[in-house]
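Here's the structure we're looking at; comments come further down.
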Protein chains: 2
Amino acid sequence: MSATQKENSEATEVRARILEAAEQLFATHGFDTVSLRQITTKAGVNVAAVNYYFGSKAGLEVEVLGRVVRPINESRLQMLNDAEKEAGGRALEVECILHAALMPAIQTIKESEHSDPVVLKLAGRCMSETGEEMPVAIKKLFNQTDHRFCAALAKALPHLSKAEVFWRFHFTMGAMLYSLTQHETLVMMSDGEVTADDAGKALQQLVAFAAGGFCAENACKGGGQ
Amino acid sequence: MSATQKENSEATEVRARILEAAEQLFATHGFDTVSLRQITTKAGVNVAAVNYYFGSKAGLEVEVLGRVVRPINESRLQMLNDAEKEAGGRALEVECILHAALMPAIQTIKESEHSDPVVLKLAGRCMSETGEEMPVAIKKLFNQTDHRFCAALAKALPHLSKAEVFWRFHFTMGAMLYSLTQHETLVMMSDGEVTADDAGKALQQLVAFAAGGFCAENACKGGGQ
DNA sequence: TGACAATTAAAACAAGTGTTTTAAACGTAT
DNA sequence: ATACGTTTAAAACACTTGTTTTAATTGTCA
């Protein structure tokens with residue numbers, strides 16, 4: 001009604017509104033597909049505001065991406081550090097490491113359940129995008145985190161070669177990202193055995209699956225030829 | 001040189017050239033990113049030829065997608081059928097089922113090794129695209145195949161609930177697609193432990209990992225809370 | 001050779017892209 | 001109230017997108 005004046009108590013500032021709208025649109029439709037007009041229309045601001053606050057569309061993408069990914073990775077590292085501190089010098093249990101690696105991302109979905117289940121799809125999409133269009137800053141953020149987890153896993157599973165640890169951690173990340181971004185595919189495939197609101201169960205299911213995969217014998221056995 | 005006339009013995013027809021160029025570009029850069037001009041320039045044909053032969057860009061996408069995905073899924077189903085026929089009525093080994101599910105896709109990469117390792121990225125990307133832009137025809141193609149494999153796995157692992165089988169198969173698909181599309185990420189992450197030409201080892205690594213995951217105990221145990 | 005269909009080529013189409021420019025409105029401190 | 005820097009708004013920017021139109025070319029059969 002009183003649109004002539006802006007109340008700065010309730011009405012979020014333009015910058016924040018752009019970030020929120022962009023986050024939701026990017027998550028559901030991808031970076032390239034969403035246009036600045038879609039974002040600014042949803043946010044109720046002018047098109048030029050994006051370039052004013054973020055320099056370019058790419059700048060907005062990096063900001064949106066970082067806002068979602070950074071706290072998740074920080075949380076993952078902290079959980080791992082805490083567990084290692086508590087264990088003294090001893091190797092951690094595999095399931096404990098995997099829990100730290102997987103929980104923060106999946107938990108974020110559960111927390112944003114009341115709103116759209118949209119937030120985390122972004123983080124998933126962030127790693128499934130093609131190499132060139134992924135900001136380098138974000139990629140390195142994942143890279144150093146991955147190294148820490150692989151080191152912990154190699155310590156817990158000394159009979160595995162380093163290459164095998166990397167392989168299996170890579171598989172685990174793939175399973176996680178796929179279950180984050182493609183949950184509807186699972187719901188549709190399972191014909192009611194898995195429902196849409198079962199996303200919260202993904203964590204325990206995934207930890208159990210990945211732990212089994214890591215504790216399997218060396219790869220030479222099964223494959224033949 | 002003698003570009004005035006076309007030799008129809010060596011020079012592939014326009015339609016085929018478009019398909020080939022589109023396949024490579026789609027695989028490396030994604031569907032939305034690649035423009036018709038890029039495709040037709042690479043193919044050395046006129047822009048209008050795409051709409052002439054395929055009706056629209058979407059029509060071209062479906063054709064390219066089907067050409068890659070269909071033979072792979074046929075091969076997967078045939079391997080599963082052959083194995084079940086050989087086993088009579090008995091349940092198959094888990095590793096055998098997984099081998100049938102994973103081999104055709106990964107093998108396609110090895111076969112196209114002399115050319116670009118590009119072909120199969122398409123199939124991977126095909127399932128990691130967002131729901132709405134994925135052709136329904138292709139999705140159903142995967143869906144019925146998935147059902148067959150989940151049924152075989154449920155028979156081999158009767159102590160698992162149906163939901164658990166779906167979950168774990170979903171994880172396996174995620175691991176496969178991620179290793180198909182993001183092999184460079186693994187190479188970079190592993191710092192030389194896994195090299196770029198190790199893509200062929202993915203099959204045995206993946207079968208071993210997924211088999212371990214499927215044979216793990218029920219999910220209730222590990223997750224806590 | 002002449003006629004008819006299939007194919008290719010060039011050009012224009014309307015619509016949408018990210019970005020920039022220009023000017024107006026705003027809040028704040030002098 | 002005046003002036004100043006910040007923020008918003010509208011319009012135009014040059015460019016690319018997928019698609020269509022129109023015309024020229026090709027191949028084939030009568």
Side-chain angles (χ1 to χ4, degrees), chain A residues 1-26 28-65 129-130 132-135, chain B residues 1-26 28-65 129-130 132-135:
Chain A
M1 311 306 180
S2 61
T4 55
Q5 193 167 350
K6 215 188 320 177
E7 322 116 25
N8 55 4
S9 61
E10 189 267 330
T12 42
E13 310 110 40
V14 175
R15 204 188 126 95
R17 289 226 301 278
I18 293 175
L19 279 173
E20 191 182 354
E23 183 174 309
Q24 295 186 18
L25 288 171
F26 283 155
T28 38
H29 302 109
F31 293 106
D32 296 331
T33 308
V34 176
S35 72
L36 288 186
R37 262 82 171 186
Q38 290 177 293
I39 295 172
T40 53
T41 299
K42 183 185 180 81
V45 304
N46 192 277
V47 215
V50 169
N51 282 324
Y52 180 78
Y53 282 106
F54 304 96
S56 65
K57 188 190 181 185
L60 173 61
E61 290 175 3
V62 174
E63 186 103 359
V64 170
L65 224 43
E129 294 278 333
T130 319
E132 26 255 5
E133 45 230 336
M134 249 308 281
Chain B
M1 313 314 171
S2 61
T4 55
Q5 192 168 350
K6 215 187 324 178
E7 323 115 24
N8 54 3
S9 61
E10 190 265 329
T12 42
E13 308 110 40
V14 175
R15 205 188 126 94
R17 288 226 302 278
I18 293 175
L19 279 173
E20 191 182 355
E23 183 174 309
Q24 295 186 18
L25 288 172
F26 282 155
T28 38
H29 302 110
F31 293 106
D32 297 332
T33 308
V34 176
S35 72
L36 288 186
R37 261 83 171 185
Q38 289 177 295
I39 295 172
T40 53
T41 299
K42 184 185 180 82
V45 304
N46 191 276
V47 215
V50 169
N51 282 324
Y52 180 77
Y53 281 106
F54 304 97
S56 66
K57 188 190 181 186
L60 173 61
E61 290 176 2
V62 174
E63 186 103 359
V64 169
L65 225 41
E129 295 278 333
T130 319
E132 25 254 5
E133 45 229 339
M134 250 306 282

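Residue numbering restarts at 1 for every chain, and letters A, B, ... go by the order of the sequence lines.
Here dA6(C) presents its P atom at 16 Å from CZ of Arg15(B), a figure rounded to the nearest Å. Straight-line distance from the OH atom of Tyr52(B) to the C1' atom of dA10(C): 17 Å, rounded to whole Å. The CD1 atom of Ile18(B) sits 14 Å away from the C1' atom of dT19(D) (whole-angstrom rounding). Look at CZ on Phe54(A): it is 16 Å from C1' on dT19(C), rounded to the nearest Å.
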Applying side chain to side chain contact (heavy atoms under 4.5 Å, CB included), run through Phe26(B) and Leu65(B) and close with a yes or a no.
CA-CA 9 Å; Phe26(B) 282 155; Leu65(B) 225 41; over 6 Å; no

Would Tyr52(B) and Val14(B) count as a side chain to side chain contact (heavy atoms under 4.5 Å, CB included) here? Give the steps.
CA-CA 11 Å; Tyr52(B) 180 77; Val14(B) 175; over 6 Å; no

Would you please test His29(B) and Gln38(B) for side chain to side chain contact (heavy atoms under 4.5 Å, CB included) and show each step?
CA-CA 11 Å; His29(B) 302 110; Gln38(B) 289 177 295; 5.8 Å; no

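In this structure the side chain of Asn46(B) never reaches within 4.5 angstrom of the side chain of Thr40(B), judged on heavy atoms. In this structure, the side chains of Val47(B) and Ile39(B) stay at 4.5 Å or more apart for every pair of heavy atoms.
Under the salt bridge (charged side-chain N to carboxylate O under 4.0 Å, His left out) criterion, Arg37(B) pairs with no residue, sequence neighbours left out.
Proximity of residues 40-49 of chain A to DNA chain C (heavy atom under 4.0 angstrom from any strand atom) is restricted to Val47(A), Ala48(A).
Across all strands, Tyr53(A) comes closer than 4.0 Å only to sugar-phosphate atoms, never to a base (heavy-atom distances).
For Lys57(A) (side chain) and Phe31(A) (main-chain N/O), a donor-acceptor pair under 3.5 Å exists by modelled atom type.
Taking both residues in full, the closest heavy atoms of Ala43(B) and Arg17(B) are given as O-NE, 2.8 Å, listed atom of the first, atom of the second, then distance.
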Contact list (N/O, under 3.5 angstrom) for nucleotides 16-18 of chain C vs protein:
unit_1  : atom_1 : unit_2   : atom_2 : d
dT17(C) : OP1    : Ser35(A) : OG     : 2.9
dG18(C) : OP1    : Leu36(A) : N      : 3.4
dG18(C) : OP1    : Lys57(A) : NZ     : 3.0
dG18(C) : OP2    : Leu36(A) : N      : 2.9
dG18(C) : N7     : Arg37(A) : NH1    : 2.5
dG18(C) : O6     : Arg37(A) : NH2    : 3.3

